[in-house]
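Written below as structure tokens is the structure these notes are about.
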Amino acid sequence: MATAAALAAVLPLSSASAVAQGPDTTPARFAAEVRTAGLSADEQQELQRAVNAELAKRGGKQVAANQVRWAGGDATTTIQYPNQRRARALSSSMGVQAGDPSTCAYGNFCVYTGSGYTGNRTDFYHCRDYVFYDDFWSYVNNQTGGTVAVLHLDQPGGPDRTPAAWHGQYTWNGLNYSVIRPCP
């Protein structure tokens with residue numbers, strides 16, 4: 001119960017409109033997720049600060065203790081929880097190997113803030129331009145067969161294209177991209 005109380009004390013850091021309300025996205029469920037993950041009160045606060053920062057950048061809703069669905073609903077960022085190298089939804093099965101490229105769902109283009117599929121993961125679902133000024137160091141193209149992603153540079157030069165799906169890039173220099181388009 002102390003864990004739930006600690007999370008409840010942290011949740012007011014985000015605006016009331018930023019935290020989605022409903023049967024699957026409630027502070028009580030978030031508290032259960034962090035309790036199951038074994039996070040301390042300090043780790044819960046660290047995680048919620050990271051969620052709040054992502055909400056400030058992307059808008060949208062907090063849909064899990066460590067997930068933000070972007071405004072528009074067509075991308076989700078999963079934030080690695082404290083003391084872990086790899087992001088996974090705290091609400092997901094504990095049996096899934098965190099950071100395994102297979103965690104990028106079929107049909108998605110996923111980028112990771114660390115090499116080797118580590119750090120925060122952002123899943124892009126639809127064929128459109130996503131403004132994304134964050135660095136990423138690995139990616140998985142798990143879209144339908146043959147689909148390439150287009151990465152637009154933040155500097156002069158043409159866009160980069162990924163190899164066709166399925167393709168995972170364990171190490172990638174994702175600096176200076178400003179727009180990701182999961183399809184041509």
Side-chain angles (χ1 to χ4, degrees), residues 20 24-25 33 37 47 50-51 53-184:
D24 297 322
T25 57
E33 290 170 5
L47 177 60
V51 166
E54 190 69 16
L55 284 166
K57 275 196 285 189
R58 315 283 184 213
K61 299 178 189 179
Q62 182 175 358
V63 295
N66 69 328
Q67 285 188 313
V68 172
R69 183 166 299 129
W70 290 20
D74 52 0
T76 299
T77 298
T78 303
I79 297 166
Q80 73 181 38
Y81 57 96
N83 299 319
Q84 298 294 312
R85 292 184 58 222
R86 301 166 199 256
R88 69 170 168 77
L90 290 176
S91 59
S92 71
S93 166
M94 295 297 179
V96 173
Q97 175 62 42
D100 183 324
S102 69
T103 62
C104 180
Y106 180 72
N108 293 352
F109 180 76
C110 303
V111 299
Y112 302 80
T113 59
S115 63
Y117 318 113
T118 63
N120 299 342
R121 182 187 77 229
T122 300
D123 297 58
F124 300 99
Y125 315 136
H126 297 294
C127 183
R128 73 168 188 83
D129 290 343
Y130 294 90
V131 175
F132 192 82
Y133 283 100
D134 298 356
D135 295 343
F136 63 95
W137 294 93
S138 52
Y139 69 82
V140 172
N141 182 2
N142 197 16
Q143 301 177 89
T144 56
T147 305
V148 301
V150 181
L151 311 171
H152 294 275
L153 298 167
D154 191 23
Q155 54 198 2
D160 287 333
R161 293 177 182 269
T162 68
W166 191 103
H167 177 78
Q169 188 69 37
Y170 190 80
T171 304
W172 175 260
N173 180 358
L175 298 174
N176 300 316
Y177 290 105
S178 56
V179 174
I180 293 174
R181 184 174 184 83
C183 57

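In this text the structure is predicted, and so the values were computed from the model without any measurement. Side chains are part of it too, since the values below use all heavy atoms of this structure and drop only hydrogens, waters and symmetry mates.
- Taking CD from Q67 and CG from D123, the interatomic distance works out to 8.0 Å, rounded to the nearest 0.5 Å.
- Between the side chains of S138 and S115, no donor-acceptor pair is found at a separation under 3.5 Å.
- Contact of the D135 side chain with the T113 side chain is not registered, since no non-hydrogen atoms from C-beta on lie closer than 4.5 Å.
- The shortest distance between side-chain heavy atoms of N108 and N142 does not fall below 4.5 Å.
- Panel note: side chain E33, backbone A64; no donor-acceptor pair is recorded below 3.5 Å.
- Atom CZ of R58 sits in a crowded spot, with more than 12 heavy atoms from other residues, nucleotides or ligands closer than 6.0 Å.
- The side-chain heavy atoms of Q169 and T162, taken from C-beta on, include no pair separated by under 4.5 Å.
- Contact detail for L55 and K61: the closest heavy-atom pair is CD2-C, 3.8 Å.
- A distance of 12.5 Å separates OH of Y112 from CD of Q80, quoted to the nearest 0.5 Å.
- Counting heavy atoms from C-beta on, the side chains of F109 and L151 come closer than 4.5 Å.
- Taking OH of Y139 as the reference point, atom CZ of F124 lies at 13.5 Å (rounded to 0.5 Å).
- Taking CG of N141 as the reference point, atom NE2 of H167 lies at 8.0 Å (rounded to 0.5 Å).
- Of the possible polar contacts, none joining the E54 side chain to the V68 backbone as a donor-acceptor pair under 3.5 Å is found.
- Side-chain contact check for N120 versus F136: every heavy-atom pair is 4.5 Å or farther apart.
- Scanning all heavy atoms of the two residues, the minimum distance from R128 to C183 falls at N-SG, 4.4 Å.
- Two residues are said to be in side-chain contact when any heavy atoms from C-beta on lie closer than 4.5 Å; Y117 and C110 fail this criterion.
- Side-chain contact check for T118 versus W137: every heavy-atom pair is 4.5 Å or farther apart.
- A 4.5 Å side-chain heavy-atom check between T77 and K57 finds every atom pair outside the cut-off.
- Summarising the geometry, atom CD1 belonging to I79 is positioned 8.0 Å from atom CD belonging to Q62; distances are rounded to the nearest 0.5 Å.
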